Amino acid sequence: MLGVRKIIVTSALIYANGEVHLGHVTSTYLPADIFVRFCRLSGHDVVHVSATDDFGTPISIEANRKGVKPEEFVAFWNKKDRKDFEDLGISFDIFDQTSSEENKKLTQHFFKKLDEKGYIYKQEVLQPFCESCSRFLPDRYIKGTCPFEDCKATEQYSDSCEACGRPIEPGAIKNAHCAICGSEPVKKTSKHYFFKLSEFSAVLKKWLKQNQNLQPDVKNYVLNWIDEGLRDWDITRDLSWGIPVPSNEDREKVLYVWFNNHLGYISTAQKLFAERGQEDVVETWNTSEIFHFIGKDIAYHHYLYLPAMRMGVNEYKLPDYIPTRGYFTLQGRKFSKSREWYISVRDFLTRFPADYLRFYLAVITPYSQADVNFNWQDFENRINNELIANIGNFVHRVLTFTWSQYKGQVPEPESFDDLDKKLKEEFGNAVREAAEEINSIELSKGLRRILAFSAFCNKYFQTKAPWKNREACNTTIYLCVNAVRSLAILLEPYLPFSAQKIWRQMNLEGNVSDQTWNTAQELKVSGGHKINRPKTLFEKVQNAQKQ
RNA sequence: AGCGGGGUGGGGUAGCCAGGUUUAACCCGUUGGGCUCAUAACCCAGAGAUCAGUAGUUCAAAUCUACUCCCCGCUACCA
């Protein structure tokens, strides 16, 4: 076994203006959590870090509309999101906010360092400005008529037309008006700070090509951007809600959210380390393996801006892994909150247990940027046929058999025949092979491997027929009870709630999450151990689609 | 439009990067049988795919190359 690894896992920051939905969970939080839980079971020194992304125009406007301070607005969402994650079993070691003092400090530090090194310059830009709102308007805050002759759809955002699906050049929209108040914007100049992203083209390219841990398909995608020529990056906004530019002359400007939010990974991790009494938090970051779990919509930020900024400052190591997963579709159609084609975590949890969502998403989400489709019928089928009929059934038949035939007392094993030995071997194979998959972040394959182990156990039980084959019965049940214990450990990363339920039904010491992965290949439950009265683990799903 | 990903039995997917160990795997559905410990669950056997199309490379291609058709996603001044 490898030595103890020091690992920092971050989940992409959720924007603090809305609830957690299945898209967030699928691409980012669930994969990260499964990986983290597995690392904990493997005895590694791992932390799971995330936060809400608090700043930016949409939050500022929403808070204003609701008549609350942005601070209160984001605190509200932080609390709500935190609860959603908790109920889903997403186990953060810290879930903070990018508006924290720590992040302000680190962000300003980054700005100053980059400025000192000559990577930042000022330039005037001409931007749409709404006089009645007295606000500069990003593309998303200007609406108008699609400029394409064959479309001319009205009330479209100025960056792309939803009706014909084409992107719109900045300034090309017709009948432009402010999306908030409807008045016509004027052009106004403003001095902005720019980060010389273009200067990093060569080093970024080298880093991307050298890092063998990055997914090749995402890498190609990003390398293409570099080949087309990187543009320097406007890193300031004329807005009050944000981290102020650390310069006396521009107090009313703030740093763009994408300049500061990913620094929240570092600042939040360091906050945790400091709380735990570690002296050198920079050193801790730099001696850890860094994993940033993201969805592909933010691939550019994590593969280009983030590394470029770290390279520029040269104090914090770059990510080792950036596991990137695809877009989420519901019944084959794009997820969309505004079109009410959307499922929030909260909605889901009012109907089904968290583990059902974790199981289904884990089994259908590949380690690639391929899109993931959520289908209610498929959900129902997989829960009933794969989770319940395979795992649930095996656990239940073994425990009820032990309860009724042995009064709950695990029998002492007798001699092992070939099939018994083969099952014993399977314990080791499953533990080793599932670990290999999860270590490679192939979480879907890892779960399938565990399902295969459970299927093997069902076959074993069936072939052994302990209900009539009395001579071999003791050994069979002894091995099966042990297989159930092993399954509980193997499933813990995926189904933490159910794994713990199994643990309790088996009347085992402590919590399943405190066990060690590798002990799942051993026969730790000895003859004479008394289990608790078994109860049905899972309820079948019916009419999942009925909304 | 550019770029990225994908098209595998009735449905949904794996395999493709490192071509032969595949009689193309898995789940559902379907046909027949078994079992009755178990939530009509479990087990066994079978039917069903020339792996989008065309042309190549090769002793050998679902896997490599080129082109064509179709589907999906992304495109920095929202996040």
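Since we're looking at a predicted model, the values are computed, not measured. Residue numbers start from 1 in every chain, and the chains themselves are labelled A, B, ... in the order their sequence lines are given, proteins ahead of strands.
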Heavy atoms from C-beta onward define the side chain here; which of B:C35, B:U39, B:C43 lies closest to that of A:K540? B:U39

When you measure from the centre of the six-membered ring of A:W376, is the NZ or CZ of A:R351 closer than 6.0 Å and no more than 45° off the axis? yes

Please determine, for the side chain of A:N393, which listed nucleotide (B:A38, B:A79, B:A14) has the closest atom? B:A38

Produce a footprint string for nucleotides 27-32 of chain B: one letter per nucleotide, 5' end first; B if the base is under 4.0 Å from any protein heavy atom, S if only the sugar-phosphate is, - if neither. SS----

Base, sugar-phosphate or nothing for A:H301? Non-hydrogen atoms, less than 4.0 Å. base

Quick check for you: among B:U36, B:C74, B:U39, whose closest atom lies nearest to any side-chain atom of A:Y300? B:C74

Rounding to an integer number of Å, can you tell me how far A:R237 CZ sits from B:A79 C1'? 11 Å

Does A:D418 pair with A:K422 as a salt bridge, N-O distance under 4.0 Å? no

So the side chain to side chain donor-acceptor pair (under 3.5 Å) pairs with at least one residue in residues 397-407 of chain A (sequence neighbours excluded) are A:R397-A:N458, A:R397-A:Q462, A:Q405-A:R470, A:Y406-A:N474

Using the P atom in both, what is the distance from B:G33 to B:U65, to the nearest Å? 49 Å

Kindly write out the residues that satisfy side chain to side chain donor-acceptor pair (under 3.5 Å) with A:K540, not counting sequence neighbours, or none if the list is empty. none

Taking atom C1' of B:A38 as reference, at what distance in whole Å does atom NE2 of A:H396 sit? 7 Å

Looking at B:C37, I'd like to know if its phosphate oxygens (OP1 or OP2) sit under 4.0 Å from a side-chain N or O belonging to A:K464. no

5′-ward residue of the pair A:L197/A:R448 relative to RNA chain B: A:R448

Measure from the side chain of A:K459, starting at C-beta and using heavy atoms only, and say which of B:C77, B:C43, B:A38 lies closest. B:C43

Without decimals, in angstroms, what is the distance between A:Q505 CD and B:A38 C1'? 13 Å

Rounding to the closest angstrom, what is the interatomic distance between B:U58 and B:C77 at atom P? 49 Å

At 4.0 Å (heavy atoms only), tell me whether A:T536 reaches a base, stays on the sugar-phosphate, or touches nothing. base

Phosphate contact (B:A79 OP1 or OP2) by A:Y256 side-chain N/O below 4.0 Å: yes

Please report the distance, rounded to the nearest Å, between CG in A:L304 and C1' in B:U75. 13 Å

Could you state the atom-to-atom distance from NZ of A:K219 to P of B:C17 in whole Å? 17 Å

The side chain to side chain donor-acceptor pair (under 3.5 Å) partners of A:D355 (sequence neighbours excluded) come to A:S498

May I ask you to say what A:G295 touches in the nucleic acid, namely base, sugar-phosphate or nothing, with a heavy-atom cut-off under 4.0 Å? nothing

At 4.0 Å (heavy atoms only), tell me whether A:E539 reaches a base, stays on the sugar-phosphate, or touches nothing. nothing

Return the stems involving RNA chain B, sorted by first number, where pairs are Watson-Crick (N1-N3 with N6-O4 or O6-N4) or G-U wobble (N1-O2 and O6-N3), both under 3.5 Å, and runs are 3 or more long. B:1-7 with B:69-75, B:10-13 with B:25-28, B:30-34 with B:42-46, B:52-56 with B:64-68

Under 4.0 Å, heavy atoms only, any strand: does A:F538 hit a base, just the sugar-phosphate, or nothing? base

Nucleotide nearest A:F461 when distance is taken to its side chain, options B:C37, B:A79, B:U39: B:C37

Side chain of A:W467 (C-beta onward), nearest among B:C42, B:C35, B:C77: B:C35

With the side chain defined as heavy atoms from C-beta on, A:P366 is closest, among B:A14, B:G73, B:C74, to B:A14

With sequence neighbours excluded, tell me which residues meet side chain to side chain donor-acceptor pair (under 3.5 Å) with A:H302. A:Y265

Can you list the residues that meet the ring pair (Phe, Tyr, Trp, His ring centres under 6.0 Å) rule with A:F194, with sequence neighbours excluded? A:Y121

Return the 5'-most residue of the pair A:I388, A:T463 with respect to RNA chain B, ranking by each residue's nearest nucleotide. A:I388

If I take atom CG in residue A:D297 and atom P in nucleotide B:C72, what distance separates them, rounded to the nearest angstrom? 19 Å

State which residues pass side chain to side chain contact (heavy atoms under 4.5 Å, CB included) with A:S267; sequence neighbours excluded, sorted by chain then number. A:E102, A:N103, A:L106

Would you mind telling me which of A:E433, A:E436, A:E437, A:E442 makes a salt bridge (Lys or Arg N to Asp or Glu O under 4.0 Å) with A:R449? A:E433

Does A:F401 stack onto the base of B:C37, taking stacking as ring centres under 5.5 Å apart and planes under 30° apart? no

Whole-Å distance separating the CZ atom of A:R397 from the C1' atom of B:C37: 6 Å

Sequence neighbours excluded, which residues qualify as side chain to side chain donor-acceptor pair (under 3.5 Å) partners of A:S454? A:N390

To the nearest Å, how far apart are A:R449 CZ and B:C26 C1'? 13 Å

Closest of B:U39, B:A79, B:C44 to the A:D53 side chain is B:A79

Could you tell me how far B:U30 sits from B:A47 if I compare only their C1' atoms? Round to whole Å. 8 Å

Can you find a donor-acceptor pair, distance only, under 3.5 Å between A:Q462 side chain and B:C43 base? no

From the list B:A79, B:C35, B:G12, which nucleotide is the closest neighbour of the side chain of A:Y15? B:A79

Under 4.0 Å between any heavy atoms, over every strand shown, what does A:P466 touch: base, sugar-phosphate, or nothing? Just pick one. nothing

Counting N and O atoms only, with roles assigned by atom type, does the side chain of A:N482 sit under 3.5 Å from a partner on the main chain of A:Y478, one being a donor and the other an acceptor? yes

How would you label the contact of A:I364 with the nucleic acid (heavy atoms, under 4.0 Å): base, sugar-phosphate, or nothing? nothing

Does A:R237 make a cation-pi contact with A:Y256, if we ask for NZ or CZ under 6.0 Å from the ring centre and within 45° of the axis? yes

